[in-house]
Amino acid sequence: MTAELEIVTDGALGRIVLNRPQAINALSLGMIEGITETLQRWQADPAIGAVMFEGNGAKGFCSGGDVRLARELILAGKPEAADAYFAAEYRMDGLIAGYAKPLVALTHGVVMGGGIGIAGHCAFRLTQAGARFAMPESAIGFFADVGSNAILAKAPLNRALLFLMSGVSVGAADALALGLADAVIDPDWASAFRPDMMTAAGSSHPETAIVRLIEAESIQAGDASFCALADLLPPTPPQSPAHFLSLVASVPELSEISALLATRCPGSLVATFFAQLEARELMHVGKTLEMDLRLASVMGRRPDFAEGVRAVLVDKDQAPKWTPPRLADIDVERDAMPILNARKAP
């Protein structure tokens, strides 16, 4: 186990608290392995009726996976070690998605990337007013992973693609509308939620008790402004990433997001677009995570990943130089085919 996790049992409630607040609880390999081991142990423990995820620190629940580590491994000539990191993370996500006991995520602040991988796959997903959700991987030369495409496959296509490809952060109301959360609670009540969850976990029917608790304490989320903008897009099914970007550019109200999309990694836009379409064919979290692992192996080895992480997280100059620099410059055989082939199981 690691000091970056707090593992606590309160009666019949098992609590897993992410405890790396200085990094907004970014997921180290030790955290991932600790979460997996704990969930496996509690799944077989009859004394545990339900499990809840939380995150320490005022800034947020979880800012994502440790992509800096993955970059360092790749630059050190150890891409297989980076593959192993992503494999461990995706195994954890799959365990959460198929967990046999009620899993509750109580999120706040930043909920991004790997944070969505944890919270988004829980059976009960609560967030607090002021939370911000995002899959910002297109800004670092990667793709929307952690099974997020399986979650967003249930949302309207234009909403899913605009959220995943742009990497913009959205509030709690939009998280509900996108299917990333189930209810919003008042931050002032969040501290009182734990004893109520302890009672629910110890009841004869924990799931029913949790549902009643959420129904009693959830609040109005407000307007889903991002989804309202996405709904302005023409209903024409996009045929390619370039076609989708042209549809976005055709809506004046989406001019800011259109300009943002133009700065995102072209390879990432291709990977995320087609991964979302594939997830809609699969409609299965486990199979989507298997696709994610194949894509992670391809995308991590492209120069854009190291460059994107450098620009955003290491040097922080926010000026990545993509290869190729524009979506129009994507070469089908060189750039697109490895990504397209990785979508399908061999």
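The structure displayed is predicted, hence computed values, not measured ones.
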A.B. asks: When rounded to the nearest 0.5 angstrom, what is the spacing between OG in S138 and CG in L261?
C.D. replies: 7.5 Å
A.B. asks: Take atom CD of E253 as the centre, draw a 6.0 Å sphere, and report whether it contains more than 12 heavy atoms from other residues, nucleotides or ligands.
C.D. replies: yes
A.B. asks: Using atom types as modelled and distance alone, determine if a side-chain donor or acceptor of K101 lies under 3.5 Å from a backbone N or O of I48.
C.D. replies: yes
A.B. asks: Do the side chains of C122 and I96 get nearer than 4.5 Å, heavy atoms only?
C.D. replies: yes
A.B. asks: Give a yes or no answer on whether the side chain of R280 reaches the backbone of L152 with a donor-acceptor pair at less than 3.5 Å.
C.D. replies: yes
A.B. asks: Looking at OG1 of T323 and CG of D335, how far apart are the two atoms once the value is rounded to the nearest 0.5 Å?
C.D. replies: 9.0 Å
A.B. asks: So, D66 side chain and L69 main chain: donor-acceptor pair closer than 3.5 Å or not?
C.D. replies: yes
A.B. asks: Do the side-chain N and O atoms of Q276 and N149 include a donor-acceptor pair separated by under 3.5 angstrom?
C.D. replies: yes
A.B. asks: Could you check if a side-chain atom of R334 sits within less than 4.5 angstrom of a side-chain atom of P324, using non-hydrogen atoms only?
C.D. replies: yes
A.B. asks: For the residue pair N56 / E6, report whether a side-chain donor-acceptor contact shorter than 3.5 Å exists.
C.D. replies: yes
A.B. asks: Donor-acceptor pair, distance only, cut-off 3.5 Å: does the side chain of R15 make one with the backbone of M52?
C.D. replies: no
A.B. asks: Is the side chain of R125 donor-acceptor paired with the backbone N or O of A119 at a distance under 3.5 Å, no angle test?
C.D. replies: no
A.B. asks: Can you tell me how far apart CZ (R343) and CE (M291) are? Round to the nearest 0.5 Å.
C.D. replies: 8.5 Å
A.B. asks: Short question: side chain of S258, backbone of L254 - any donor-acceptor pair under 3.5 Å?
C.D. replies: no
A.B. asks: Donor-acceptor check, side chain of Q43 to backbone of A100, threshold 3.5 angstrom: yes or no?
C.D. replies: yes
A.B. asks: In terms of the angle between their ring planes, are F244 and F273 parallel, tilted or perpendicular, with boundaries placed at 30° and 60°?
C.D. replies: tilted
A.B. asks: Spell out, yes or no, whether M197 and I118 are grouped together once hydrophobic residues are joined by side-chain heavy atoms under 4.5 Å, including indirect joins.
C.D. replies: no
A.B. asks: Quick check: does any side chain N or O of H284 sit under 3.5 Å from a backbone N or O of K287, one acting as donor and the other as acceptor?
C.D. replies: yes
A.B. asks: Has E333 got a side-chain atom pairing as donor or acceptor with D331's backbone, closer than 3.5 angstrom?
C.D. replies: no
A.B. asks: Does any non-hydrogen side-chain atom of V184 lie less than 4.5 Å from one of L126?
C.D. replies: no
A.B. asks: How long is the span from the CD1 atom in I7 to the CD1 atom in I16, to the nearest 0.5 Å?
C.D. replies: 5.0 Å
A.B. asks: By the salt bridge (Lys or Arg N to Asp or Glu O under 4.0 Å) test, which pairs, at least two apart or in different chains, include something from residues 187-213?
C.D. replies: E54-R194
A.B. asks: Is the closest basic N to carboxylate O distance between R68 and E72 below 4.0 Å?
C.D. replies: no
A.B. asks: Verify the cluster assignment for Y99 and V104: are they in a single hydrophobic cluster under the rule of side-chain heavy atoms below 4.5 Å apart?
C.D. replies: no
A.B. asks: Transitively linked via ILVMFWY side-chain contacts under 4.5 Å: M337 with M299?
C.D. replies: yes
A.B. asks: Any chance you could lay out the side-chain contact (heavy atoms from CB on, under 4.5 Å) test for M165 and L245, step after step, and finish with the verdict?
C.D. replies: CA-CA 10 Å; M165 293 173 68; L245 264 60; 3.8 Å; yes
A.B. asks: For the CG atom of N25 and the CE atom of M31, what is their distance to the nearest 0.5 Å?
C.D. replies: 5.5 Å
A.B. asks: Report the distance from atom CZ of F163 to atom CE of M135, rounding to the nearest 0.5 Å.
C.D. replies: 7.0 Å
A.B. asks: Using side-chain heavy atoms (C-beta onward) and a distance below 4.5 Å, is I185 in contact with I219?
C.D. replies: no
A.B. asks: Taking C-beta and beyond as the side chain, do L213 and F193 meet within less than 4.5 Å on heavy atoms?
C.D. replies: yes
A.B. asks: Check this for me: D223, atom CG, are more than 12 non-hydrogen atoms of other residues, nucleotides or ligands nearer than 6.0 Å?
C.D. replies: no
A.B. asks: Taking salt bridge (charged side-chain N to carboxylate O under 4.0 Å, His left out) as the test, write out the residues that go with K344, two or more places apart.
C.D. replies: E278
A.B. asks: Using 4.0 Å as the upper bound for N to carboxylate O, is an ion pair formed by D174 and R159?
C.D. replies: no
A.B. asks: Verify the ring-centre separation between F305 and F143: is it less than 6.0 angstrom?
C.D. replies: no
A.B. asks: When you measure from the side chain of T9 to the backbone N and O of G11, does any donor-acceptor pair fall under 3.5 Å?
C.D. replies: no
A.B. asks: For R301 and S297, which I'm curious about, is there any donor-acceptor pair between the side chains at under 3.5 Å?
C.D. replies: yes
A.B. asks: Let me check something: do I210 and L13 share a hydrophobic cluster, defined by ILVMFWY side-chain heavy atoms less than 4.5 Å apart, either directly or through other members?
C.D. replies: yes
